[in-house]
Structure formats: structure tokens, C-alpha cells
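Here is the structure we will look at.
First the proteins, then the strands, lettered A, B, ... as listed; each starts at 1. Since the structure is predicted, the reported quantities are computational estimates derived from the model, not experimental observations. Just the heavy atoms: all of them, side chains too, but no hydrogens, waters or symmetry mates, feed the values below.
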Amino acid sequence: MALELAPSPALAPLASERPRAFSGIQPSGIVHLGNDLGAVRNYVRLQYDYDAIYCIVDYHALTTTHDGTLLRERTREMAASLLALGLDPEHCTLFVQSDRPEHTELAWLLATVTPVSWLERTPTYKEKKLNQPDDVNHGLLTYPVLQAADIVIYKATVVPVGRDQAAHLELSREIVRAFNARYGPTFPEPQAVFTDAPVVLGTDGVRKMSKSIGNTIDIFGAPELIRKQVMSMVTDTKRILRTDPGRPAVCNVCQLHRHFGADYEEIWDGERTARTGCVDTKKLLAERIIAYYAPARERYLELISKPAMVDEVLAAGAARLKPLAEATLAEVHAKMGLR
RNA sequence: AGGCGCGUAGCUCAAUUUGGCAGAGCUCUGGUCUCCAAAACCAGUGGUUGUCGGUUCGAGUCCGGCCGCGCCUGCCA
């Protein structure tokens with residue numbers, strides 16, 4: 001690499017006055033209702049207000065998924081899902097993390113300014129140690145460093161996250177501060193943008209909707225599947241008889257109705273007064289979900305049957321980011337004393 | 001690299017000591033009950049015993065190789 005003064009990474013190819021936002025999403029496969037309401041909807045909205053970069057983080061996934069065929073499949077499914085739900089390559093940059101290997105190099109460089117104790121304190125690390133005690137690999141520990149690299153390699157200033165993710169972003173900010181303190185101002189401290197994304201509970205009504213737990217509502221599934229999943233949802237456990245009044249505040253079915261119609265207050269009222277029963281409310285919810293996602297489902301099925309279309313979008317996204325990533329690395333090399 | 005230990009259902013484990021039908025709890029599925037779901041009760045599904053070979057009439061169990069995980073002692077850029 002030529003020895004030169006750091007080029008200005010401000011000269012983005014996506015020349016734009018909009019602040020740059022970065023967000024990573026795990027390649028967990030086809031998205032479910034919780035993914036969409038909790039994150040994807042916001043991604044779609046934010047792509048019009050920010051210079052938005054969305055990254056399918058397959059390097060991160062390697063800390064828990066060790067089946068190459070499965071990972072590749074899930075990465076493509078995630079990409080197709082995001083495009084089907086409205087991410088528009090004309091308005092945002094969507095790419096796969098491992099298509100920009102500069103992320104991992106920067107992670108190594110950032111690792112040298114990051115105390116081990118910061119990482120050992122990370123709640124997710126402790127949690128994973130409990131969840132997969134036979135596979136506590138180093139990637140799990142260094143995960144937040146790679147996360148920081150993901151963000152700052154594009155000098156993104158805005159990171160849309162749920163409030164539960166605030167701690168992770170704080171660690172990224174600390175790593176950035178540690179780097180800037182040692183080598184001079186280089187990276188902007190990324191700011192969390194808290195979205196009002198709800199934590200969507202699964203069909204069990206207790207735990208967060210999650211593919212690994214198996215409590216999902218699969219929005220791209222066949223209508224019969226969605227009906228079956230909605231009908232199996234846990235409702236208000238105190239409402240036993242049809243004539244018992246319901247409590248919409250604790251009924252997950254009622255909560256989900258918030259997202260599928262302006263008339264949810266009326267639906268809640270029906271539950272409270274036992275004018276309607278749980279079956280009525282579930283059937284209505286199922287049909288609304290099916291109708292709402294029908295166009296996206298069609299797009300998804302189209303995209304997944306033509307993987308070349310998806311791959312093309314991903315390749316273009318990675319190519320667009322290449323100059324940015326290389327410029328940042330060149331600047332960092334110069335500051336750290338690398339050739 | 002060497003020493004010790006471990007590997008059995010999706011999960012937690014039993015059966016290994018003394019070779020003799022691979023089992024239990026939870027999860028899951030179905031049924032009863034409820035407007036549904038949950039809870040409760042009843043029933044059922046679920047296994048290449050990490051893997052390859054050997055000994056034996058017979059191996060989850062004994063022997064050897066390999067793979068994986070943990071702990072310990074080293075070596076090294």
C-alpha cells in the first residue's frame with residue numbers, strides 16, 4: 001500500500017449531507033414477525049433519512065454457527081427477506097460483512113486498545129458462556145470489538161438500536177475513545193438512535209420471539225402456517241371462560257394488534273367487556289398478518305427463487321463501500337505505524 | 001506437544017463398578033378440559049450411545065486409533 005497522508009474518508013461515494021447510519025443484523029435466516037416489528041421496519045424507515053448502511057454480519061454469526069452450508073443459506077434468506085420487506089438498494093447500502101474483509105483487520109487493530117476486562121464484563125458474553133459452555137470461543141469474547149470496527153470503518157455516527165442494546169454501543173464508544181486517545185482523533189463516537197421498536201414476545205407470550213426458541217410467527221410462511229401459529233399463542237392466562245373479561249395489557253395477541261390496524265383500542269375494548277373472545281381476536285390477527293405481508297411474501301418467494309438477483313445487490317453494496325473501508329484502513333495504518 | 005477427565009434423545013442426566021432387551025425427567029406432539037391458548041390430567045414421538053476399528057456368543061460398558069470439549073504442565077511466532 002502506498003505511503004501517503006491519510007485520505008479524507010469524508011469523500012464518500014454516497015456523497016450525501018445526511019448523517020451516516022450503520023446497523024448490523026445477524027443472518028438468522030428468514031425473518032419472522034419479531035424481526036420485522038423490532039428492527040426491519042425501522043431500517044426501512046431510516047433509509048430515507050440517513051445515509052444508511054445495513055450489514056448482514058456473517059463473521060459475527062460464526063461465533064455460534066459452525067455449519068458453512070447453513071450459514072450461507074441463512075445469509076441469503078436474510079438478504080432476500082430484507083429486500084422483500086422494503087430495503088431499497090437505491091436508498092441504502094445492503095451488504096454482507098465478509099464481502100468487506102477490512103472489518104476483521106480493523107477489529108484486530110482495535111483489539112490492541114481494548115482491555116480484556118471490558119470484554120469479560122459484557123452481558124452477552126456472560127450469557128453465551130452459560131448458553132454454550134462447550135463452545136466459548138475467542139470470537140465470542142472479541143465480538144464487541146468487531147462490532148465497533150463494523151461501525152467506525154465507515155465512520156458512521158448513528159447506530160439505530162433497541163434500548164436493550166445500549167450497553168453494547170457504549171462499549172464501542174469506549175473503544176473508539178481509547179483509540180482516539182492513543183493515536184489522535186480518528187473516529188467519531190457513534191451515537192445510539194433509540195427507536196421505539198417494541199420487544200416482540202413470541203407465541204408463548206413470555207420470551208422474546210426467537211427462531212432458536214421456536215416461538216415465532218413466520219410472516220413469509222403459508223397462510224395455514226400463520227393461522228396455526230397465531231391460534232397457538234398464549235393469551236391472558238387468567239381469562240378461562242368465554243364470559244371472563246380479558247386484560248389486553250397482558251395479552252400478547254392484543255398487543256400485536258397495535259401493529260396491524262388503527263382500531264386496536266376498539267378490539268381491546270371488546271376483550272375487556274367479553275364482547276369478543278380470544279378466538280375472534282386471534283382469527284382477526286392472523287388474517288391481518290397474512291394480508292399485510294402478502295405482497296412482501298410474494299417478493300420474498302420471487303427473490304429466493306432467483307438468488308442471482310440477491311447476490312447482485314449484495315455485491316454492489318460491498319463494492320460501493322470498498323473505497324470507504326480502504327481509506328479508513330490506510331489512515332489507521334499511518335497513525336499506528338504500520339506500512 | 002504431553003498428562004488427566006469427559007462425550008448416551010432437542011436439553012439435564014441414568015445404565016459403565018460386575019459386558020446381557022438404552023432408560024427417566026424436562027421439552028416437543030396428540031388427547032381430555034377451556035371460546036382459544038395456558039395450567040392440570042392422560043397418552044405418545046424421539047437414539048448411527050462422538051467416530052473408525054478390535055476383543056467377545058454378545059460392547060453404551062473392555063482395548064486401540066481419530067475427532068471434539070474441559071482442566072493441568074510445557075513449547076513457540
Side-chain angles (χ1 to χ4, degrees), chain A residues 28-30 32-34 37 61-71 73-74 104-105 107-109 111-112 116 120 125-143 199-219 221-261 264 266-290 336-339:
Chain A
S28 53
I30 302 181
H32 53 68
L33 185 65
L37 299 183
L62 289 174
T63 58
T64 52
T65 303
H66 306 306
D67 180 329
T69 306
L70 183 67
L71 179 58
E73 184 182 306
R74 287 183 170 176
T104 56
E105 186 186 342
W108 167 257
L109 301 177
T112 63
V116 178
E120 286 171 337
Y125 174 65
K126 294 181 189 170
E127 188 191 315
K128 296 278 185 178
K129 262 171 76 172
L130 290 175
N131 287 347
Q132 49 183 65
D134 291 338
D135 182 26
V136 185
N137 57 75
H138 192 183
L140 236 33
L141 180 66
T142 203
Y143 197 107
V199 172
V200 179
L201 299 180
T203 51
D204 57 16
V206 179
R207 290 172 294 181
K208 188 174 167 179
M209 189 178 289
S210 155
K211 188 171 186 166
S212 58
I213 298 174
N215 61 355
T216 58
I217 294 172
D218 297 316
I219 54 179
E224 310 86 72
L225 176 67
I226 294 176
R227 283 188 197 105
K228 191 182 166 201
Q229 288 173 329
V230 171
M231 289 311 290
S232 78
M233 287 178 70
V234 177
T235 59
D236 178 355
T237 54
K238 293 270 170 58
R239 190 182 185 195
I240 307 296
L241 300 175
R242 170 66 180 79
T243 51
D244 291 340
R247 297 175 300 167
V250 299
C251 174
N252 198 22
V253 177
C254 291
Q255 290 302 314
L256 288 184
H257 265 291
R258 298 176 95 110
H259 307 286
F260 296 97
Y264 71 90
E266 198 177 318
I267 292 168
W268 288 17
D269 192 58
E271 291 289 293
R272 270 191 290 263
T273 60
R275 187 177 70 243
T276 55
C278 294
V279 172
D280 305 318
T281 311
K282 281 181 175 180
K283 282 182 174 166
L284 182 62
L285 179 65
E287 294 315 313
R288 285 187 174 183
I289 290 174
I290 291 165
M336 295 183 86
L338 302 170
R339 295 165 56 81

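A donor-acceptor pair under 3.5 Å links the side-chain atoms of A:N252 to the main chain of A:G202, judged by distance alone. Between the side chain of A:N137 and the backbone N or O of A:T63, at least one donor-acceptor pair lies under 3.5 Å. Within the 3.5 Å criterion, the main-chain N or O of A:Q229 finds a donor-acceptor partner in the side chain of A:S232. A:T112 contributes a side-chain N or O that, together with a main-chain N or O of A:L109, makes up a donor-acceptor pair within less than 3.5 Å. Using modelled atom types, no side-chain atom of A:D280 and backbone atom of A:K283 make a donor-acceptor pair closer than 3.5 Å.
Residue-to-nucleotide proximity on RNA chain B shows that, of A:C278 and A:R207, the 5′-proximal contact is made by A:R207.
Counting non-hydrogen atoms under 4.0 angstrom, A:S232 reaches the backbone sugars and phosphates but no base. No engagement by A:D135 is indicated, since no non-hydrogen atom pair under 4.0 Å with the nucleic acid exists.
Remark: P of B:rC36 and CG of A:D236 are 15 Å apart, rounded to the nearest angstrom. Per the geometry, CG belonging to A:L256 stands 14 Å off C1' belonging to B:rA37, to the nearest Å. We find that CG of A:N215 is positioned 17 Å from C1' of B:rU29, with the value rounded to whole Å. One interatomic measurement links the two molecules: CG of A:L241 to P of B:rU34, which rounds to 9 Å at whole-angstrom precision. Counting to the nearest Å, the P atom of B:rA38 and the NZ atom of A:K238 are 17 Å from each other. Regarding A:D244, its CG atom lies at a distance of 14 Å from the C1' atom of B:rA37, rounded to whole Å. Rounded to an integer number of Å, the gap from A:R227 CZ to B:rA37 P is 17 Å. Following rounding to the nearest Å, A:I240 (CD1) and B:rA40 (P) show an atom-to-atom distance of 12 Å.
Taking atom P in both B:rG50 and B:rA22, the straight-line distance is 15 Å, to the nearest Å. The same atom, P, is picked in B:rA77 and in B:rA14; the two are 44 Å apart, to the nearest Å. One C1' atom belongs to B:rG7, the other to B:rU16, and the distance between them is 14 Å to the nearest Å. Comparing B:rG19 with B:rC57, their C1' atoms are spaced 12 Å from each other, to the whole Å. For the P atoms, the distance from B:rG70 to B:rA38 is 39 Å, rounded to whole Å. Remark: the separation of the P atoms in B:rG64 and B:rC21 is 25 Å, to the nearest Å. Annotation: B:rC75 and B:rA1 have their C1' atoms spaced 7 Å apart (nearest Å). Between B:rU29 and B:rU73, the distance separating the two P atoms is 48 Å to the nearest Å.
Under the side-chain hydrogen bond (donor to acceptor under 3.5 Å, both in side chains) test applied with A:E271, the options A:H257, A:R239, A:R247 reduce to a single match, A:R239.
Base pairing analysis places B:rG70 opposite B:rC4; the two distances defining the Watson-Crick or G-U wobble pair are each below 3.5 Å. Applying the Watson-Crick and G-U wobble criteria (two distances, each under 3.5 Å), B:rA14 pairs with nothing in any strand. Across all strands shown, B:rC57 pairs with B:rG20; the Watson-Crick or G-U wobble distances both stay below 3.5 Å. Across all strands shown, the partner of B:rU32 is B:rA40, judged by Watson-Crick or G-U wobble contacts whose two distances both fall under 3.5 Å.
Not a single donor-acceptor contact under 3.5 angstrom links the side-chain atoms of A:T237 to the base of B:rA38.
Across B:rU34, B:rC36, B:rA37, the shortest atom-to-atom separation from the side chain of A:M231 is found for B:rC36.
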